[in-house]
Amino acid sequence: MALRLGDVAPNFKAQTTAGEIDFYDYLGNSWGILFSHPADFTPVCTTELGKTALLKEEFAKRNVKVLAVSIDPLDRHKGWVNDINETQNVQVNFPLIADEDRNVATLYDMIHPNASATATVRSLFVIGPDKLVKLMIIYPASTGRNFNEILRVVDSLQLTANHSVATPADWKHGEDVIVVPAISTEDAIKKFPKGVKVVKPYLRYTPQPNL
Ligand code: BEZ
């Protein structure tokens with residue numbers, strides 16, 4: 001059955017470019033991003049994996065470990081990683097799963113048969129330290145993902161987890177955030193010493209608490 005937000009992210013063991021990995025052991029207490037690609041030696045994927053490698057410091061700052069999935073075998077992965085390093089001017093610095101038996105693709109419902117009978121689509125899961133699925137995005141093979149948006153949603157998810165705030169449309173780091181409806185205005189005033197602006201009883205802003 002397809003995964004949904006709030007579900008437990010299934011654990012698995014897989015062969016990767018960094019050796020055999022147990023997903024939960026790999027994540028430890030970190031946040032995780034598991035993301036799939038249609039195939040090795042494809043142009044959009046090459047740019048996506050290069051971009052992910054470039055953002056290593058940004059993921060590390062957020063305590064996020066990334067793990068890529070592609071259904072090709074390990075020897076192809078290794079050749080492709082060389083190409084990514086060469087063409088994207090990076091060193092790929094995260095593991096790439098060789099999901100030849102489609103175990104991970106099946107667990108995470110990454111094959112959408114009406115898009116392609118065999119290749120995985122561009123699925124991306126953000127998994128919290130509690131191993132629950134916090135976010136899923138699914139793109140078609142032909143559209144590369146926006147990795148600035150991925151960092152932005154991680155920031156939003158972590159603000160919600162750590163500070164009980166939500167983020168408004170088009171929110172960017174540093175802008176005001178929204179007090180979640182579960183907190184009364186009276187409690188919000190105590191909880192957010194930088195101030196609470198009440199626009200409507202259900203629409204209350206406060207400066208980003210972790211700055
Ligand atoms: C790719 O790079 O993965 C790709 C690009 C266009 C269509 C399908 C796949």
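Atoms within each ligand, like the ligands themselves, are counted from 1 in listed order. Note that the structure is predicted; figures quoted are calculated from it, not measured.
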*Asks:* Give the intermediate values and the outcome of side chain to side chain contact (heavy atoms under 4.5 Å, CB included) for residues Leu55 and Lys51.
*Replies:* CA-CA 6 Å; Leu55 292 174; Lys51 187 74 186 182; 4.3 Å; yes
*Asks:* Report yes if the side chains of Val177 and Thr206 come closer than 4.5 Å at any heavy-atom pair, otherwise no.
*Replies:* yes
*Asks:* Measuring from Gln208:CD to Asp155:CG, what's the distance to the nearest 0.5 Å?
*Replies:*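 It comes to 7.5 Å.
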*Asks:* Report yes if the distance between the aromatic ring centroids of Phe125 and Phe35 is under 6.0 Å, otherwise no.
*Replies:* no
*Asks:* With no hydrogens and no angle check, do the side chains of Ser36 and Arg122 hold a donor and an acceptor under 3.5 Å apart?
*Replies:*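 No pair is found: no donor N or O on one side chain lies under 3.5 Å from an acceptor on the other.
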*Asks:* Could you check Asn85, Thr46, Asp40 and say which one makes a side chain to side chain donor-acceptor pair (under 3.5 Å) with Trp80?
*Replies:*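 Going through Asn85, Thr46, Asp40 one by one, the side chain to side chain donor-acceptor pair (under 3.5 Å) with Trp80 is satisfied by Thr46 alone.
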*Asks:* Note down each nitrogen or oxygen pair, ligand 1 side and protein side, whose separation is under 3.5 Å; give only atom names and the distance to 0.1 Å.
*Replies:*
from, atom 1, to, atom 2, distance (Å)
ligand 1, 2 (O), Pro43, N, 3.2
ligand 1, 2 (O), Val44, N, 2.7
ligand 1, 3 (O), Thr42, OG1, 3.4
ligand 1, 3 (O), Arg122, NH2, 3.0

